[in-house]
Every structure is written in C-alpha cells, then in structure tokens.
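Just below is one structure, and these are the notes that go with it.
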Amino acid sequence: MRDLKHLQFFEDLLQSAHNDLVRKAKEEGRICVAYMCENTPEPLLNLGNCFGVRLFAPNTGSMDIATYYMTSFLCETTRAIFERAMEGGYNFTDCLIAPDGCTMMNRCAENIELRKAMDGGEHFFYEHMEIPLKADENGVNLLIKQCRNHILTPLKENYGVDVSDTAIRDAVKAHNRVCRLIQAIGEFRKEEKPRITGYEFAVLTLATYVCPKEYLIPKLEETLEELKDRKPDDKPFRARLVVVGSEMDDPEFIKLIEECGAFVCADRYCFGSLPGRVEIELNEDEDALTQVCRHYIYQCQCPRQMNMEKFYGRKVYVDEIAKEYHADGILYDQVKFCDPWAYERVTGTTALRDEYGYPVLSVDRPYNIRSSSGQMRTRVQAFIESIEIKKIRGEKE
C-alpha cells in the first residue's frame with residue numbers, strides 16, 4: 001500500500017519522550033503532567049493548561065543503573081523508565097502521578113522520587129495513588145477520593161489549575177474527540193483486505209498517549225480521510241491475530257508479527273485502543289468526576305482487578321474482540337517479569353484455547369524487542385504455520 005502521508009510524523013513522536021509536540025507545549029507555557037499507568041483517568045490530566053504525558057523509554061539499551069536499584073526481577077518497563085529518569089530524560093515534566101497499578105510501578109516511582117531523578121522546578125510534585133482491586137461502587141468511591149486528593153487538589157494548589165466540573169467536562173469532550181478518530185481509523189482493520197496495517201495503527205494510537213492530543217487532531221483527521229480512499233494490498237496475509245497483554249511501548253513488536261505474515265487486527269494491551277480509546281459518556285444528572293471514575297473502573301481490563309466477574313469478564317472481552325475483528329488466533333504477551341500479566345497470561349491462554357477454541361500463542365517479551373527479535377520471530381512464524389495447518393485440516397474435513 002502507499003505509505004500514509006503522516007506516518008513518519010507519528011513515528012518520530014515515539015522516538016523520544018521529550019518529542020517535538022511536548023517541546024512545543026512547554027514553550028507555550030503549558031503544564032506537563034506525567035503518569036505511568038492506564039488506571040490513571042486521563043482527562044483529569046488535561047485540565048485547562050495541562051497536558052498528560054505517559055512516561056515511556058524508547059530505544060532503551062542498558063538498564064544497569066535501574067537494575068542496581070531495583071534488581072533484575074522487576075519488570076523491564078519499570079526499569080527502563082527509571083533508567084531514563086536517572087539519565088534526565090523526563091526533566092521537562094512538572095509533576096508525576098503514580099498509581100499503585102502494581103508493586104513494580106510503586107518501586108519505580110518511589111525510586112524516582114528518592115533519587116530526585118525528575119526535576120521540573122520549584123512547583124514539581126510527586127503523588128502516589130491507591131487504585132481499587134474490584135470493579136464495584138466502593139471502588140468508584142475510592143477512585144473519586146484518590147483523584148481529588150492526588151490529582152485535582154495538587155494541580156490546583158501548585159499550578160492554579162481549574163478543576164471545576166465544567167473544566168472536567170471540557171477535558172472529557174476533547175478526550176472523546178481523539179477517541180472517536182482512533183476508533184474510526186481502527187474500523188478499517190475489520191475489512192477482509194484492511195486499508196491500514198496493525199503496525200501503522202499501533203503507531204497512531206501510541207502517539208496519542210505521549211503528547212498533547214489536540215496537536216494531533218488535524219493529522220489524525222487527514223489520515224482518516226486518506227484511509228477512505230487508500231487501496232489495500234491484494235497480497236493476502238496468512239492469519240489475523242489479536243494481541244492481548246501488558247503495556248506495549250514498542251510498535252516494532254507489532255511490525256515483527258506482521259513481517260511474519262500475520263495481520264494484527266486488534267489490540268487489547270495497556271495503552272492500546274481497546275479499551276483505552278473508548279469514549280467516556282457523560283450525563284447531566286451526576287458530576288463529571290464521578291462519571292469519569294466509574295468509566296475507568298468498569299471499562300478497565302487490567303488484571304489488577306481481581307473480583308471474579310472481572311476475572312472471567314476479561315476472557316469474554318477478548319472473545320468478543322476476536323469475533324468482531326474476525327481473528328484466527330490470539331497472541332497473549334507480557335513484558336518480562338510483569339507479575340499481574342504473568343498470571344493473566346496463563347489463565348487467559350488456557351481459557352481462550354480450551355474453552356473458546358482459539359489457537360493461542362503465549363510469550364514473554366523484552367521491553368525493546370530488538371534485543372531478542374530472532375527468537376520471537378521463530379515462535380510467531382511457527383504459530384502462524386500451525387493456524388494455517390488447522391485451516392487446511394478444517395477445509396478437508
């Protein structure tokens with residue numbers, strides 16, 4: 001297919017946490033709110049003159065410093081982020097909001113604070129949030145309290161940010177605009193001959209988490225219009241796969257899968273589009289903060305939520321996605337040493353294979369796929385071949 005006009009622009013944004021759009025916003029005097037976990041209600045980080053940026057560490061190499069402080073048994077994501085913080089890679093930020101999504105994220109944020117690895121000026125602050133373990137109204141009430149105490153109040157007191165109900169509704173409206181564009185672009189993945197690759201979609205989606213969203217809207221709109229007239233390749237892919245798993249900063253992992261002949265038709269990983277770019281619906285009967293928190297509690301697909309309804313519901317959700325996007329198989333992945341997704345990967349792989357009948361590949365991967373691409377490529381190729389063999393056998397039967 002013809003290259004997307006703005007693909008290089010979006011790819012460049014993923015080469016550095018301090019990318020061009022972040023620089024532009026800072027030059028305009030805006031407040032950069034850094035966060036680390038998908039459980040953080042994003043619209044609350046984009047109030048008024050603020051813009052939220054998720055910490056990530058592109059092109060990670062050595063993690064010796066982080067391993068010294070955090071040991072080699074903590075996940076590579078948190079070690080990569082801490083290493084980048086120690087290198088001064090996040091000194092453009094004005095605060096850090098760190099939910100306790102997992103113990104490893106806690107250790108990362110605590111070490112950053114103890115080592116004063118992020119230094120954004122005299123008003124810089126660190127906040128550590130407690131996140132509910134269950135999706136129920138008690139969990140909603142806890143998240144409301146945590147958001148007030150650790151996001152809204154510190155932003156107001158330190159930077160004079162408007163945290164009113166009207167401001168929150170405006171932030172949700174802007175958030176939803178980006179969500180609608182990403183979902184509309186993602187719809188092309190359902191086609192028999194898709195007009196966008198899984199890699200391209202991953203790049204577009206990841207970019208919306210790491211810079212001011214409003215700067216992206218014109219190019220996302222142009223990309224959506226471009227896709228409507230884009231002619232898909234006639235060359236068929238060998239299998240359609242849903243990628244499910246933990247936080248994924250490296251679109252090169254999706255590219256590797258597609259270079260093996262598969263098409264990544266849907267993304268159910270942390271900071272993907274499902275459910276990360278699902279619109280937040282607001283009504284006029286209840287305050288906006290409560291509705292935002294309820295959305296994050298009930299839409300969340302994080303294995304941190306341990307009540308049985310959510311535990312089984314996560315498998316149902318993957319099954320629904322696989323059917324909607326016409327998947328032939330599912331790839332469950334976790335970044336190395338990620339505890340919550342290690343457990344979820346085992347139970348999800350077993351359930352989706354034995355109870356739902358999908359071919360499933362279960363892998364752990366490094367934070368930077370380039371460090372072990374050969375081994376991963378071999379496993380993905382073998383998985384795709386197994387799907388093809390099952391198809392041939394099914395046709396003969």
Side-chain angles (χ1 to χ4, degrees), residues 1-4 7 11 182 185-206 227 230-274 315 317-335 341 345 348-349 352-353 356-366 368-395:
M1 289 183 290
R2 183 180 68 248
D3 288 344
L4 291 175
L7 182 62
E11 288 176 326
I182 291 296
I185 291 171
E187 284 291 306
F188 292 108
R189 298 178 297 171
K190 296 178 181 178
E191 296 177 330
E192 185 178 352
K193 294 182 179 180
R195 279 175 272 182
I196 186 170
T197 68
Y199 166 76
E200 291 169 335
F201 185 77
V203 169
L204 299 180
T205 303
L206 286 170
L227 286 168
R230 195 186 199 193
K231 292 182 179 180
D233 288 337
D234 288 328
K235 182 181 178 181
F237 42 81
R238 298 166 64 188
R240 298 173 65 97
L241 301 181
V242 177
V243 175
V244 181
S246 62
E247 173 270 351
M248 200 280 292
D249 283 341
D250 189 2
E252 291 296 319
F253 178 57
I254 306 299
K255 178 182 282 188
L256 181 151
I257 295 170
E258 297 196 322
E259 285 176 346
C260 293
F263 169 61
V264 177
C265 60
D267 53 332
R268 201 339 299 152
Y269 45 73
C270 305
F271 307 112
S273 69
L274 300 168
K315 285 70 174 176
Y317 186 70
V318 174
D319 175 50
E320 291 173 347
I321 290 172
K323 289 175 179 174
E324 183 179 358
Y325 287 82
H326 317 297
D328 299 309
I330 297 168
L331 191 155
Y332 258 93
D333 85 279
Q334 67 171 94
V335 71
W341 274 99
R345 179 165 68 98
T349 297
L352 269 295
R353 182 182 59 231
Y356 292 88
Y358 291 101
V360 183
L361 174 63
S362 176
V363 301
D364 64 348
R365 57 173 173 79
N368 185 342
I369 193 62
R370 295 182 185 92
S371 63
S372 66
S373 60
Q375 183 184 44
M376 185 64 70
R377 192 180 300 274
T378 300
R379 295 194 64 188
V380 173
Q381 287 173 337
F383 179 56
I384 294 171
E385 288 172 8
S386 72
I387 292 176
E388 289 178 316
I389 290 170
K390 288 180 181 178
K391 283 184 178 179
I392 293 171
R393 287 176 177 171
E395 289 172 0

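For clarity, every value in this text was computed on a predicted model and none was experimentally measured.
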Worksheet entry | Close side-chain approach of Tyr356 and Val318, heavy atoms under 4.5 Å | no

Worksheet entry | NE2-CD distance between His326 and Glu324, expressed to the nearest 0.5 angstrom | 8.0 Å

Worksheet item: Would you say the side chain of Trp341 lies within less than 4.5 Å of the side chain of Asp364, judging by non-hydrogen atoms?
Response: no

Worksheet item: With a 4.5 Å limit on heavy-atom distance, are the side chains of Arg365 and Met248 in contact?
Response: yes

Discussion item. I need the Leu361 CG to Arg353 CZ distance, nearest 0.5 Å.
Written reply: 10.5 Å

Response to the item:
One should read off an interatomic distance between Tyr332 OH and Ser246 OG, to the nearest 0.5 angstrom, of 12.0 Å

Worksheet item: Just wondering, do Pro232 and Glu191 contact through their side chains at under 4.5 Å, heavy atoms?
Response: no

Worksheet item: Can a salt bridge be assigned to the pair Lys391 and Asp328 using a cut-off of 4.0 Å between side-chain N and carboxylate O?
Response: yes

Worksheet item: So, do Leu331 and Val264 sit near enough that their side-chain heavy atoms are less than 4.5 Å apart?
Response: no

Discussion item. Between Arg268 and Val243, is there a side-chain heavy-atom distance shorter than 4.5 Å?
Written reply: no

Worksheet item: Taking atom CZ of Phe383 and atom OG1 of Thr378, what is their separation to the nearest 0.5 Å?
Response: 15.0 Å

Worksheet item: Can a salt bridge be assigned to the pair Lys255 and Glu258 using a cut-off of 4.0 Å between side-chain N and carboxylate O?
Response: no

Practice prompt. Using a strict cut-off of less than 4.0 Å between a Lys/Arg side-chain nitrogen and an Asp/Glu carboxylate oxygen, indicate whether Lys315 and Asp319 qualify as a salt bridge.
Written response: no

Worksheet item: Is the NZ atom of Lys323 crowded by more than 12 outside heavy atoms at less than 6.0 Å?
Response: no

Worksheet entry | Ile182 side chain reached by Phe201 side chain, heavy atoms, under 4.5 Å | yes

Practice prompt. Determine whether more than 12 heavy atoms belonging to other residues, nucleotides or ligands lie under 6.0 Å from atom CD of Gln375.
Written response: no

Discussion item. Taking salt bridge (Lys or Arg N to Asp or Glu O under 4.0 Å) as the definition, give me every residue that meets it alongside Arg377, ordered by chain and number, with sequence neighbours left out.
Written reply: Glu259

Worksheet item: Any side-chain heavy atom of Asp267 sitting closer than 4.5 Å to one from Ile321?
Response: no

Response to the item:
Interatomic distance, CD@Glu187 vs CZ@Arg189, rounded to 0.5 Å, equals 8.5 Å

Item to complete: Before giving the answer on side chain to side chain contact (heavy atoms under 4.5 Å, CB included), spell out for Glu385 and Arg238 the whole-Å C-alpha distance, their side-chain angles and the decisive distance to 0.1 Å.
Response: CA-CA 8 Å; Glu385 288 172 8; Arg238 298 166 64 188; 3.2 Å; yes

Fill in: Distance in Å, Leu241 CG paired with Tyr325 OH, rounded so as to fall on 0.5 Å steps
15.0 Å

